[in-house]
Amino acid sequence: MNHDHKKIEEEARAKWAGLSLYECNLEDESKDPYYLLVEFPYPSGDLHTGHWYAFAVTDIYARMLRARGKNVLFPIGFDAFGLPAENAAIRNKIDPAEWTKGNIERMKKQLEAMGASFDWSKEVVTCDPAYYHWTQWLFAKLFEHGVAERKEAPVKWCPKDQTVLANEQVIDGRCERCGTEVEEKRLTQWFLKITQYADRLLKNLDALPWREEIKEAQRAWIGKSEGAYLDFKIAGSEEKIRVFTTRPDTLFGVTYVVLAPEHPLVASMPAQNRAEVDAYVTQSQKKTERERSENKEKTGVKPEGIAAVNPVNGEEVPVFVADYVLGSYGTGAVMAVPAHDERDGEFAKKYNLPIRQVVAPVRTDMRNPPQEGKRNVARYNVFAIVRDPKTDKYLCLIWKHEPWTTFITGGIDEGEDPVDSAKREIREETGYRDVALVADLGITKSSWFASHKGENRSATNSVLFFELASDARDEVSADEVAKHEAVWLTAEAVEAAGMQHAEFDVVWPMVRRRAYQPYTDAGILVNSGAFDGRESEEAKWDVVAAAGGERTTQYRLRDWLVSRQRYWGCPIPVVYDPAGKPHVIPAEHLPWLLPTDVDFTPTGEAPLASSKELKERVTRIFGEGWTPEYDTLDTFVDSSWYFARYLDPRNAEQFADQNRMKKWLPVDRYSGGAEHTTMHLLYSRFFTMALYDLALAPVEEPFAERFSRGLIMGPDGAKMSKSKGNVVNPDEFAAKYGADTVRVYLAFIGPYNEPGNYPWQLDGVASMRKFLDRIECLVERCRSRTSAVSVKNFDIDRALAMASKKIAEDGDRFKFNTGVAALMSLLNELEKLSESSLTAFMLRDFVIMLAPFAPHLAEHLWEKLGGEGSVHQAPWPAYDPALLAAGEATVVVQVAGKRRGEIALAPDAPEAEALAAALALAPVASALGGAEPSRVIYVPGRILNLVP
RNA sequence: GCCGUGGUGGCGGAAUUGGUAUACGCGUACGACUCAGAAUCGUAUCCUUCACCGGUUGAGGGUUCGAGUCCCUCCCACGGCACCA
């Protein structure tokens, strides 16, 4: 341990405080603006490794960009509303505001000790009335334009705490606070209509240069599906059931219709067994989220006397009520097609409902594809699979003049029943005459080239599964014996044989389960009246038209429920008139302050309802009979626009100045945790888009780039947790080794541009301290460290130029690990120099490049080296680009792609020169064996490959 | 189950466009300094071999003068979604 990090850190902090180095002048036109944003923290009280990783490493980039001449906005604030403050208040009887304020003060000190170069003059705190004033104002704007609305909806309810929970407060179907299983309740709540923006939120993703996994997570969250509404009349009634389907092509396969228990028709339809239906509905509504997800066994009830009419063919089918259909998606009703949908298939099996196949899988035998110019013959075949239950083997034919193994197949004669013709073929080809049909596996279509007949076959196959009833066997004709031999194969042998059936992949899983399995892919329509023979994908919209349906698009995304029956949040700026109609609070009464005379022990009512002051305030301002809104806003609303407020945090007239937003938005780079790639990111995008439509924001998309960082694990490689006892407190390491050591360690641990997991390794931290000590030692060793005399050293100048380029480029890619590695390599080079050839010039360049990573030590060394002002005001080392290309390059010589040697050449040496030098190498000559290379591949400066 | 991302030494990882695989660091071994230890410094460290040769980026195949990188099949890990019709 060499340098005194405590003293160095204190001195550096004192120096920076006097220079106000990090305050961004938003109006500065002399430099390029760059908005670097990192997710603001919740003020929980103490910084943990996650905070260090988030802020210290992002700070490296902020400092790097400043040195590279950008006008960097690197702001910070606190996402200060939320449950922990309220829970602390309930537990310890303290004011959530006081609790939060104390935590913020403590965290500010820690952030400062980290060496983070945040611009504190832009600080925002979401629980500050000066901030939530504008959260409320924006909510009012959204309400005025119909983006916010009040409606009844199912919500999660904790029966013990007597309160509504946010989705994220429900963990495995239980309340995160008390562990009670949550229930669903219908309540009237405030929503933001994010679904109106679903399509734009989806489409814009294509153009955003974000990692695919982030975009895919958002796409999945939005969950777009295209389909149609179809109306099924209820027989003998004017009522109809509207269903949503993405597979109208399977309409002829509908054998029943299902309503969700919540569907309005369920209560009103004249079911003969009304009591039974009601009992089912009550029972399924009592089911907790947990029970529904744990037990996927399908249940349902059939309202007797009710039938639905298939709009395409007038067929009457039964109706069921079942909770495998969700009330909140589509129309809350589905047409069930058990032949082509897994869930319907499962339900139909349990309730013994008919399964009607209407889509036939189509396969082409790729080993014998149909040949052009050959006759096409359509056939109607049987395809019989026979299993012997005693031995669990399958009856197969090994062909004698063809390289085939097959099941038993054959043509169906005119007017013959497929089962009869299968039995006939089995008897003729193998002699077995006593087989029993076990399952009809449906219809397939296949085509191949029948080489023994010289024609293309296009077959419709009836696939039938039999079991051998007895070994009784007839004589097989000599003709058949000449063609193939009948053998019994185990399942493994069948799979290994590579059966000569194009549809084997579809049929075989059904055989193994001895039953038809729903076929969910596209194919050719069968049993579909006028649509028979058409491709399912192509015909689907024609079926919709024939059924009088309507094309439509559905989304998985629901409207955003923003009401919370909580105290510590932004009050929803709404009051109700004596008739109960909501009105937004006029702008002159904003901020609509959170009352302080509130009892926030959970009682089942929103805590604000206990405030006398709030009621009096409403009466005073709006009059007798007017009542307050008692709910507060989801904290995700607070954080959906904070990046705009950073641009103008003290503005009392507007949420942010339009010109500043024009100049600074979108955010250039947003760094955050992988856990926020769906909700927070989507909500922020939605907010920005909605404000854009209201001409309140200049951009549709708030974030040009988004980077998700990884997670720091405990030293044992497992996720840090108190119960595992592997929690690392970074402040202890900062105290022992210095903040710079922790910063460099976190930068070096792995790439910052991907969400991996990195263990906190004790030896690794110590080795970073060693690295910093070596740097200090080197500076001490430099005799002429304050000298202004520059001594040319070609190799070192080139090494500095390469490091300057590489570290900057790696920073742009958020790869600080390789940036640190470049500094280490450079240090290795510099350490090799004698004391006399070591100059202050090269060391100053080195220290400037070190400064983003180790800001305190770099400042200290900068002073030792006689640097002017602060190292954090020094420009990033410039270099002559010619230096990078200068000198000799190593060209690798390969013979037939194998490395045989290397030659030193000018980067622009001609091929002839390279070839001559290469042939002079003994290993190259011997590898060529004296022969002339037939081909020469030369990439100047890189490689010379000789192909014999 | 579906979608996405990834798989490289004992460990964290590097290889930016298809062009020297294993940079940088940890660990380990040996050596120097020391009465001794700690710290520090030096050397070695993918496998095989005394050395040359040969082999190696989850497994197998393909494209190419050349593949960690591109294509196909499979295995494994992590992340997201999941009764969404």
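Basis for what follows: all heavy atoms, side chains included, without hydrogens, waters or symmetry-related copies. Convention: sequence-line order gives letters A, B, ...; per-chain numbering from 1.
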Nearest to side-chain heavy atoms of [X], which nucleotide of [options]:
| X | options | value |
| --- | --- | --- |
| A/Asn817 | B/U16, B/G13, B/G25 | B/G13 |
| A/Asn945 | B/C65, B/A85, B/C83 | B/C65 |
| A/Asn828 | B/G25, B/C83, B/G4 | B/G25 |
| A/Arg935 | B/C24, B/C65, B/C81 | B/C65 |
| A/Lys770 | B/A85, B/C41, B/G66 | B/C41 |
| A/Gln761 | B/A85, B/G4, B/C11 | B/C11 |

With a non-hydrogen cut-off below 4.0 angstrom, is [X] in contact with a base, only sugar-phosphate, or nothing?
| X | result |
| --- | --- |
| A/Ser225 | sugar-phosphate |
| A/Lys215 | nothing |
| A/Asp344 | nothing |
| A/Arg556 | base |
| A/Arg900 | sugar-phosphate |
| A/Pro751 | sugar-phosphate |
| A/Asp763 | sugar-phosphate |
| A/Arg219 | nothing |
| A/Glu809 | base |
| A/Ile749 | sugar-phosphate |
| A/Glu216 | sugar-phosphate |
| A/Lys806 | base |

Separation of atom CZ in A/Phe748 from atom P in B/A23, rounded to whole Å: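 Computing the A/Phe748:CZ to B/A23:P distance gives 12 Å.
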Mutual orientation of the aromatic rings belonging to A/Phe320 and A/Tyr256 [parallel < 30°, tilted 30-60°, perpendicular > 60°]: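 A/Phe320 and A/Tyr256: perpendicular rings.
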Spacing of A/Met335 atom CE and A/Thr255 atom OG1 [to the nearest 0.5 Å]: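 That separation rounds to 10.5 Å.
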